[in-house]
Each structure stands twice: as structure tokens, then as C-alpha cells.
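Note that the numbering runs from 1 along the sequence shown for the chain.
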Amino acid sequence: MKTALVQLNSSDDPDENLGKIQGFVAEAANAGAGFILTPEVSNCLSTSRRHQNDVLKVESEDATLAALRAQAAELNIWLLIGSLGLKTQDADGRFANRSILIAPDGEIQARYDKIHMFDVQVTPEETYRESDGYRPGDRAVVADTSFGKIGLSICYDIRFPYLYRALAQAGAHILTVPAAFSYVTGAAHWHSLLRARAIENGCYVLAPAQTGVHQSGNGKPRKTYGHSLVVSPWGEVLLDAGTETGVFVFDMDDSAVDEARRKVPSLTHTRQFEGP
């Protein structure tokens, strides 16, 4: 399966971002990609909850989702919208950070709401409280496609290996990790974490990322790490997109999953044990 990662520098304007995404998706399809992935919060990257409340929509009214469903059907492609910020019906007004897999007929094949919230203090000046604006999901998701099973995740999930073990043991050969990774933590941990999840589970790891400085008229600028990655089931980095926006195409060979799991069948060696 020829596959493409789209690396974005999303702003806080969903309409502006949609135009860029559609251009990159068309470029990827023209290059022969049948599976295309975009990063986390493709529709709006903002540090202002007030601005997000003004521009985000519920899923049924989201213009980005509607347009990309139509484009996927037109191009006859599988499209993973890495995630969209979406309004919910929650009483506290928090949003969903939702990854959406679209089939070649334009129908939604799977939805996954980010489980683990990025509530951290990276430096004295750089603090994130994702749970203030987004409510966590509570369900792991494996999606069926014509080229294999995909385990869905988003960004900070990558630090919780038990999620990926559950996805792999449920049949996933591909793990998706769309991200808007902090520049500081990305430089320290991004490659190591993604390679570890691939090695532990004998899976491809596909991680389309946001990159660069994201200006926001209603909040503080934010810098993301970039380096969209493809990691093989043996832990090799097959593609590193660096820090420029664009489309990055590669060929994914499912036989590599079988080979890695034959060599090191760790998924079959899981044992129960008592706690310390």
C-alpha cells in the first residue's frame, strides 16, 4: 500500500487550514497514495479556549470533516484525519480531540477520542493543561481496512505502552500516532517513543505531525516538533519528514509485520503476574 503522511503548520483558522489540507491530500493522491494521514488538530491549533469555542463545531456541522469526506470519496482513498477539535454535548463545555478514519466511499469507518490528556509542565515557561479544554476518551479503537487493521491513537497516548499492546493484541498491524508534539519533548523523546512502540508490538507506526511556530491572534504562539515518522515493525525509521510542511510518500509492506513477529513473537509471550 502506497501511503502518505501530511505534515502541517495549522493555524487557528479552520477555513485556512482546510484549503491547505485539501491541497496536500490531492498531491498525495496524485502521487499514488491510497492511504493518507494528517496530524493532530488538523482543523485548528490554538492556545485560546475562547477562540476554540468561537470556531469549533460539533461533528455533524464541521465543515472540515464534510469537505474531507467528499474529497476521500472523489479520490477513492483511505484518509485518516489525525484529529479534529470538535464541540461536544458535555455539560462542562469541553471539546473532543477526535481521530476520524474515512473510507474510500466517504463514509466514516472509525472514530477515536484521545484517551490521555497532555497535562504537563515541560519548562517553567511551558505548561499545558489539555484536560481544561478537552475531555478524555475512554475506548480503544481498532479499525478494519482493505489493507489490514489499524490501531488508533493521538500524540500523548504514545507514552502509555499498555494502550498499544492492547491494540496489537486486538489484531492491529498498523499504529497511527498523529501529533502536535511539543518542540522540547519532541527533541528529547519523539523518535525513541515511536520506535519503542513499533518494536514492542511488531507494528508499523505512522506518525503525521504538526511542525513549526503556530501563531494565534487570541493566545500564545506554540512551537511543535515536526519530524513526521514512519517506523517499521523492526524499529527502523523508514521516513523522517524533518521540519518542513508537505507530503511524504512511502510504500508499506504488510509482510514486514509477519516477519518481525516471527523473529520476536513477544505478543504471544505476555504473562499475568502479581503486583509488587
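With a 4.5 Å cut-off on side-chain heavy atoms, V205 and V177 count as touching. Under the 4.5 Å side-chain criterion, counting only non-hydrogen atoms from C-beta, V25 is not in contact with K20. Counting only heavy atoms from C-beta outward, the side chains of I115 and P136 never approach each other to under 4.5 Å. Annotation: side chain of L229 is in contact with side chain of V237 (closest heavy-atom distance under 4.5 Å). At least one side-chain heavy atom of P178 sits under 4.5 Å from a side-chain heavy atom of P208. Considering only heavy atoms from C-beta on, C155 comes within 4.5 Å of K114 through its side chain. Looking only at side-chain heavy atoms (C-beta outward), T145 and M1 stay at 4.5 Å or farther from each other. The side-chain heavy atoms of I108 and L101, taken from C-beta on, include no pair separated by under 4.5 Å.
How far CG of D132 is from CG of D92: 10.5 Å, rounded to the nearest 0.5 Å. Here the CZ-CZ distance, from R49 to R94, works out to 10.5 Å after rounding to the nearest 0.5 Å. With rounding to the nearest 0.5 angstrom, the CD atom of Q52 is 8.0 Å from the OG1 atom of T47. In this structure, the separation between CG on N43 and CD on E16 is 12.5 Å, given to the nearest 0.5 Å. Atoms OG1 and CD, on T245 and Q210 in that order, are 10.5 Å from each other to the nearest 0.5 Å. For the atom pair CD1 (I150) and OH (Y112), the distance works out to 14.5 Å, reported to the nearest 0.5 Å.
In summary, E59 and R111 engage in a salt bridge, as defined by a charged side-chain N under 4.0 Å from a carboxylate O. Ion pairing between D113 and R135 holds under the 4.0 Å rule for side-chain N and carboxylate O. A salt bridge links R69 with E107; the closest basic N to acidic carboxylate O contact falls under 4.0 Å.
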Test side chain to side chain contact (heavy atoms under 4.5 Å, CB included) on N53 and R50 and set out the steps. CA-CA 5 Å; N53 196 59; R50 178 176 296 179; 5.8 Å; no
Please step through side chain to side chain contact (heavy atoms under 4.5 Å, CB included) for the pair V41 and L84, ending with a clear verdict. CA-CA 5 Å; V41 288; L84 298 172; over 6 Å; no
Tell me, with the steps shown, if S232 and Y204 meet side chain to side chain donor-acceptor pair (under 3.5 Å). CA-CA 5 Å; S232 80; Y204 275 101; over 6 Å; no
Please step through side chain to side chain contact (heavy atoms under 4.5 Å, CB included) for the pair S42 and T64, ending with a clear verdict. CA-CA 9 Å; S42 289; T64 300; 5.9 Å; no
Side chain to side chain contact (heavy atoms under 4.5 Å, CB included), that's the test. Do L68 and L79 meet it? Break it down for me. CA-CA 8 Å; L68 292 179; L79 176 61; 3.8 Å; yes
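Ring-plane geometry between H191 and Y225 is classed as perpendicular, the angle between the planes exceeding 60 degrees on a 0 to 90 degree scale with a lower cut at 30.
Side-chain contact, S11 with D13: no donor N or O sits under 3.5 Å from an acceptor N or O. Looking at S182 and E126, their side chains do bring a donor and an acceptor atom within 3.5 Å of each other. Donor-acceptor pairing under 3.5 Å is lacking for the side chains of T3 and W78. No hydrogens or angles considered: a donor-acceptor pair under 3.5 Å links the side chains of T270 and Q169. Neither side chain, T211 nor N9, offers a donor N or O lying under 3.5 Å from an acceptor on the other. In this model, a donor atom of one side chain and an acceptor atom of the other lie less than 3.5 Å apart for N97 and E40. No side-chain donor from either of S10 and H214 sits under 3.5 Å from a side-chain acceptor of the other.
Cation-pi geometry between K223 and Y183 is met: under 6.0 angstrom from the ring centre, within 45 degrees of the axis.
The shortest heavy-atom contact between A33 and A4 is CB-CB, 3.8 Å. Residues I199 and G235 approach most closely at CG1-CA, 3.5 Å, considering heavy atoms. Taking both residues in full, the closest heavy atoms of T38 and I81 are given as OG1-CA, 3.5 Å, listed atom of the first, atom of the second, then distance. Counting all heavy atoms, side chain and backbone alike, E130 lies closest to D119 at N-OD1, 2.8 Å. Across every non-hydrogen atom of K2 and V249, the tightest pair is CG-CG1, 3.4 Å. Residues L45 and A180 approach most closely at CD1-CB, 4.1 Å, considering heavy atoms.
A donor-acceptor contact shorter than 3.5 Å links the side chain of H51 to the backbone of D12. Side chain of T268 to main chain of P265: a donor-acceptor pair is present (N/O by atom type, distance under 3.5 Å, no hydrogens or angles). For the pair N201 (side chain) and A168 (backbone), a donor-acceptor distance under 3.5 Å is absent. For D62 (side chain) and V58 (main-chain N/O), no donor-acceptor pair under 3.5 Å exists by modelled atom type. The backbone N or O of I154 sits less than 3.5 Å from a side-chain atom of D157, completing a donor-acceptor pair.
Put simply, L238 and V247 are part of two different groups of oily side chains (I, L, V, M, F, W, Y) that touch within less than 4.5 Å, one to the next. Under the 4.5 Å side-chain heavy-atom criterion for Ile, Leu, Val, Met, Phe, Trp and Tyr, F181 and Y134 are members of distinct hydrophobic clusters. The hydrophobic clustering, which links ILVMFWY residues whose side-chain heavy atoms are closer than 4.5 Å, places I158 and V231 together. Cluster annotation: V141 is not connected to I102 through the hydrophobic network of ILVMFWY side chains, with a link wherever side-chain heavy atoms come within less than 4.5 Å. Note on L175 and L206: same hydrophobic cluster, where clusters join Ile, Leu, Val, Met, Phe, Trp and Tyr whose side-chain heavy atoms are under 4.5 Å apart, directly or indirectly.
Between F160 and Y156, the gap from one ring centroid to the other is short of 6.0 Å.
Residue-environment remark: NZ (K57) stays at or below the threshold of 12 foreign heavy atoms within 6.0 Å. The 12-atom threshold is not exceeded at CD of E244, counting heavy atoms of other residues, nucleotides or ligands nearer than 6.0 Å. Heavy atoms of other residues, nucleotides or ligands lying less than 6.0 angstrom from CG of D90 number more than 12.
Of the residues listed (K149, R261, R197), the one engaging C203 in a side-chain contact (heavy atoms from CB on, under 4.5 Å) is R261, and it is the only one.
Partners of F248 according to the side-chain contact (heavy atoms from CB on, under 4.5 Å) rule, which considers only residues two or more places apart in sequence or in another chain, are Q7, L239, A241.
Side-chain heavy-atom separations under 4.5 angstrom define the hydrophobic clusters, and the remaining members of the one that includes W234 are V264.
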